[in-house]
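When reading the values below, keep in mind they use all heavy atoms of this one structure, side chains included, and skip hydrogens, waters and symmetry mates. All figures in this text were calculated on a predicted structure; none of them were measured in a lab. Both ligands and their constituent atoms are indexed starting at 1 by order of listing.
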Amino acid sequence: MSKKKTYFITGGAGFIGSNYIHYLFEKYDVVKVINLDKLTYAGNPANLDDLKNNPDYIFVKGDICDAEVVGKIFQKYNPDFLVNFAAESHVDRSIGNPEDFIRTDMYGVYVLLEASKKFGIKRFIQISTDEVYGSIDKGSFTEESPLMPSNPYSASKSGGDRLAYSYFATYGLPVIITRASNNYGPYQYPEKLISLFVTNALEDKQLPLYGDGKNIRDWLYVKDHCEGIEFVLQNGKIGEVYNIAGGSEKENIEITGLILELLGKPESLIRYVDDRIGHDRRYSLDSTKLHKLGWQQEHPFEKAMQETVQWYVEHQDWWKPLKSGEYLEFYKKQYPEEMPLT
Ligand code: NAD
Ligand code: DAU
């Protein structure tokens with residue numbers, strides 16, 4: 001019997017990684033997934049509760065910076081593909097405490113690349129971000145645009161991005177890099193603009209809008225992102241970078257207004273607060289390269305936003321504990337420090 005296609009996913013207990021794992025099990029009848037996640041504050045095994053009795057889903061609590069754990073996974077499961085989602089991902093936290101970002105988003109990528117070189121891999125997908133290009137006033141960045149990251153998060157992601165490329169250029173490792181715009185959808189930790197504002201509004205709490213509220217982000221539904229990543233894994237050319245744009249650029253104040261409208265909440269909940277330090281004004285990606293390869297986005301913004309808001313309305317049991325801190329206590333007991341790999 002031939003071996004099941006095996007995906008080594010890192011950071012799969014987070015927002016995009018957990019959506020991607022769900023996507024893989026929906027898309028393929030036969031697939032095996034190993035999810036290595038450190039379970040930082042942003043990692044939540046509850047995102048994958050529905051898979052806990054599936055023998056083809058293996059969860060390993062561990063750190064991508066730990067070469068021993070990573071090596072054991074390669075030896076035990078001989079994965080075909082590695083998709084690296086693991087990262088410290090929140091810009092505001094990187095401003096206060098950059099160290100973990102540099103460690104995970106750069107050194108962690110190195111550990112995964114080294115193991116992939118040593119044990120072999122058919123595809124290494126590095127999940128990068130549009131933030132590596134920095135801010136742009138007019139027009140959109142292509143994959144050829146220079147990288148000008150401007151905060152510790154985006155700078156460390158740029159390091160990981162280029163390090164991954166260097167393993168292709170230097171050692172021929174089959175690396176592909178994706179750079180996506182701002183994601184929204186189910187299971188997003190309630191600290192990012194949309195997940196925070198929807199959950200705050202549901203609790204009649206204020207929505208802290210930075211600066212003049214006119215910074216622009218390009219919004220990509222997480223399911224489109226997952227499809228884009230899988231499309232690139234299957235069809236992309238090794239050594240290449242692919243932008244994955246949402247095609248829905250909006251000022252933050254527009255997003256805020258839409259959330260309030262969808263929830264029937266008053267504008268008086270908006271509170272203008274001090275701006276984020278070094279706040280990038282606008283992100284914008286040109287995804288022509290990916291479209292030429294044949295990828296099309298499937299979820300229009302308005303409908304996907306409605307569904308996202310509805311998801312948070314219906315899953316208060318998911319996000320309320322995260323906001324209250326109960327979650328950490330609960331899961332620390334469920335997942336003790338030891339790695340469950342024998
Ligand atoms: P997230 O913060 O929700 O999840 C990150 C996950 O990584 C968590 O489960 C966390 O426990 C895990 N993790 C952190 N450090 C780790 C370590 N050292 N070892 C193992 N696991 C570790 O992030 P997200 O929003 O799902 O983002 C996933 C990836 O996509 C990141 O690489 C991010 O840079 C990139 N990205 C995110 C967006 C976005 O809008 N959220 C857009 C483009 C790219
Ligand atoms: O662009 C892709 C990036 O998008 C990803 O690489 C990052 O991992 C992800 O966190 C996200 O970064 P942003 O900084 O763009 O996302 P965030 O949701 O933190 O902020 C979006 C915009 O909303 C930004 O202009 C800041 C603003 N904002 C954010 C928060 C949390 C507010 O005005 N108030 C807030 O409370």
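- For the residue pair Q310 / E314, a side-chain donor-acceptor distance below 3.5 Å is found, with atom types taken as modelled.
- If you look at K192 next to ligand 2, the close heavy atoms, those under 4.0 Å, come from the backbone and the side chain alike.
- Residue V91 touches ligand 2 through its side chain alone, judged by heavy-atom distances below 4.0 Å.
- Ligand 2 has no nitrogen or oxygen under 3.5 angstrom from a nitrogen or oxygen of D280.
- At least one heavy atom of D37 sits closer than 4.0 Å to an atom of ligand 1.
- Contacts between K157 and ligand 1, counted as non-hydrogen atom pairs separated by less than 4.0 Å, involve the side chain only.
- For Y153, every heavy-atom contact with ligand 1 shorter than 4.0 Å involves the side chain, none the backbone.
- For ligand 1, the polar-atom distance check finds an N/O of D63 within less than 3.5 Å of one of the ligand's N/O atoms.
- At least one heavy atom of S181 sits less than 4.0 Å from an atom of ligand 1.
- When each atom of ligand 2 is checked for a heavy atom of P208 under 4.0 Å away, the hits are 32 (C), 33 (O), 34 (N), 35 (C), 36 (O).
- For V273, no heavy-atom contact with ligand 2 is shorter than 4.0 Å.
- Geometrically, ligand 2 and N252 share a nitrogen or oxygen pair separated by less than 3.5 Å.
- By the criterion of a heavy-atom distance under 4.0 Å, neither the backbone nor the side chain of N84 is placed next to ligand 1.
- Near Y283, meaning under 4.0 Å from any of its heavy atoms, are these atoms of ligand 2: 1 (O), 15 (O).
- Within the 4.0 Å heavy-atom shell around ligand 1 one finds S128.
- When heavy-atom distances to ligand 1 are checked against a 4.0 Å cut-off, T104 comes that close only through its side chain, counted from C-beta outward.
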